[in-house]
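For reference, the structure discussed in these notes is given below.
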Number of protein chains: 2
Amino acid sequence: MDSVAVENYLKSIWELGPDDVATQDLAQLLNVAPASATKMVQRLTERGLVKHIPYKGASLTSEGRRRALSVVRRHRLLETFLSQTLDLGREQLHEEAENLEHGLSTELETVIANYLGNPERDPHGHPIPGPNGELPIDEDLLLSDCSLNQYLVVTQVPDRDPELLTWLEKNGIFPGIKLKIVSRDDFGGGINVSLEDSSIQISTSVANEVYVKLEND
Amino acid sequence: MDSVAVENYLKSIWELGPDDVATQDLAQLLNVAPASATKMVQRLTERGLVKHIPYKGASLTSEGRRRALSVVRRHRLLETFLSQTLDLGREQLHEEAENLEHGLSTELETVIANYLGNPERDPHGHPIPGPNGELPIDEDLLLSDCSLNQYLVVTQVPDRDPELLTWLEKNGIFPGIKLKIVSRDDFGGGINVSLEDSSIQISTSVANEVYVKLEND
DNA sequence: TAATAGTTTTAGCCAAGGCTAAACTTTATA
DNA sequence: TATAAAGTTTAGCCTTGGCTAAAACTATTA
Ligand SMILES: [Mn+2]
Ligand SMILES: [Mn+2]
Ligand SMILES: [Mn+2]
Ligand SMILES: [Mn+2]
């Protein structure tokens, strides 16, 4: 079994990938010094889970990816389970799942997945990998890439930043909601969207973390 | 925050206590070499969580006890939560809680406790410590200590051994069940109990792990 | 009460996973 | 294109939590 540290590194490399991941980015995401990240990346390379090209970056081998996706699966199943059983807001889920994901046995993972009806997405709309690390293809569109006046449905919101998530929630943006981009502020940077019965401005950086699909399935 | 190892040592010392705990017993419960247990006990003594009298044994300080009970609370709340939401048998709960207990935040602990209605016992009948480490007084009687022909109600069964727990369950012995000791096999060692509509023989070693109370409240 | 068995501690080792400071590469800038 | 800045790796250190083997202590038993 991988240690908590190893699981966190693998998951982080996956999240920052699939391109070569910079030592700095990895270190920052994990709150460790760059030297620590380098050392761990080297250890994972020894173990055949990572490919490291010095001064260039790190990427997962297929075995590394499999294990990373196993952590992601546990994380997202836990988020879904907690949101379904307890009355937690979408912004509280990530942090809790982050702690619990390493302690979930394969057996309990299966029981929870069945209990939930083997869901394909978590409460943020993130796809849940299958038990063998199959990742459902994800063809959602970045909100910021969409054209004006198309009818869209939100499919994914980010999960890491509770502040942002609370703001999105308060303004009616979460998976399932319909919206339309009505205009772009090309310089102020941002887009104006209209929802069912309100309309708000969303900065580019936020629009870069929200995914949508076209309304007609 | 205490590490996983520290939490496990504190909980184990509590479980083996309150008398001075022998190095060997501690090592065995935690699956480590006696020398490892000695070393950790010394570290915990440094930190003021344990009192160690060399060659005699280890016991918890009041701060050590508080932290141990916090782990026990998380463990027992998790067992209760899992048994209530998923359809796990009583014999599967302990192992899962053992892994998850270290990843449960204080906030989620509170949410779960409220969701469950702040229960006083877990599915094995073990008392759940309060949020500040108050342990409900436990005046249950050892089944093996009870006299013949008293009307008894099972209050606690052990949680560690899935085999045993499955056996108990199959024979109708679990918290809430009424029974009566009808005779003792003083030499074959064991007691004969009659339940609602069956009667079985229970070895002394098992009867030493089952607690009961008198039927009239 | 002296030898022996059992238990505990000490000594010395190791791997994991952190850190800082210094050295080295790569990239950007003058 | 030379130099400076930014990013990365190496070197060397530390703590935690394991281990085994040997030494020390305690309890038992002859
Ligand atoms: Mn998440
Ligand atoms: Mn999520
Ligand atoms: Mn238990
Ligand atoms: Mn229990």
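Letters A, B, ... mirror the listed sequences (proteins, then strands); counts begin at 1.
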Problem - Minimum heavy-atom distance A/Leu165-A/Arg90, with the two atoms named - result: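 Scanning both residues completely, I find the closest heavy atoms to be CD2-O, 3.5 Å.
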Is the backbone of [Y] close enough, under 3.5 Å, to the side chain of [X] for a donor and an acceptor to pair up by distance?
| X | Y | answer |
| --- | --- | --- |
| A/Asp138 | A/Asp140 | yes |
| A/Arg65 | A/Ser59 | no |
| B/Asn171 | B/Ile173 | no |

Exercise for the section: Consider only side-chain N and O atoms of B/Thr80 and B/Asp122, and report whether a donor and an acceptor are under 3.5 Å apart. Expected result: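 Result is no, nothing qualifies.
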Completion exercise
With sugar-phosphate taken as primed atoms, P, OP1 and OP2 and all else as base, the protein-contact string of nucleotides 8-19 of chain D at under 4.0 Å (heavy atoms; B, S, -) is BBB------BBB
Problem - DNA chain D-proximal residues of residues 58-66 of chain A, any heavy atom under 4.0 Å - result: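 The answer is none.
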Practice task
Would you please indicate yes or no on a ring centroid separation below 6.0 angstrom for B/His94 and B/His124?
Solution key: no
Practice task
Name the orientation class of the two ring planes belonging to B/Tyr115 and B/Phe81 (parallel below 30°, tilted from 30 to 60°, perpendicular beyond 60°).
Solution key: perpendicular
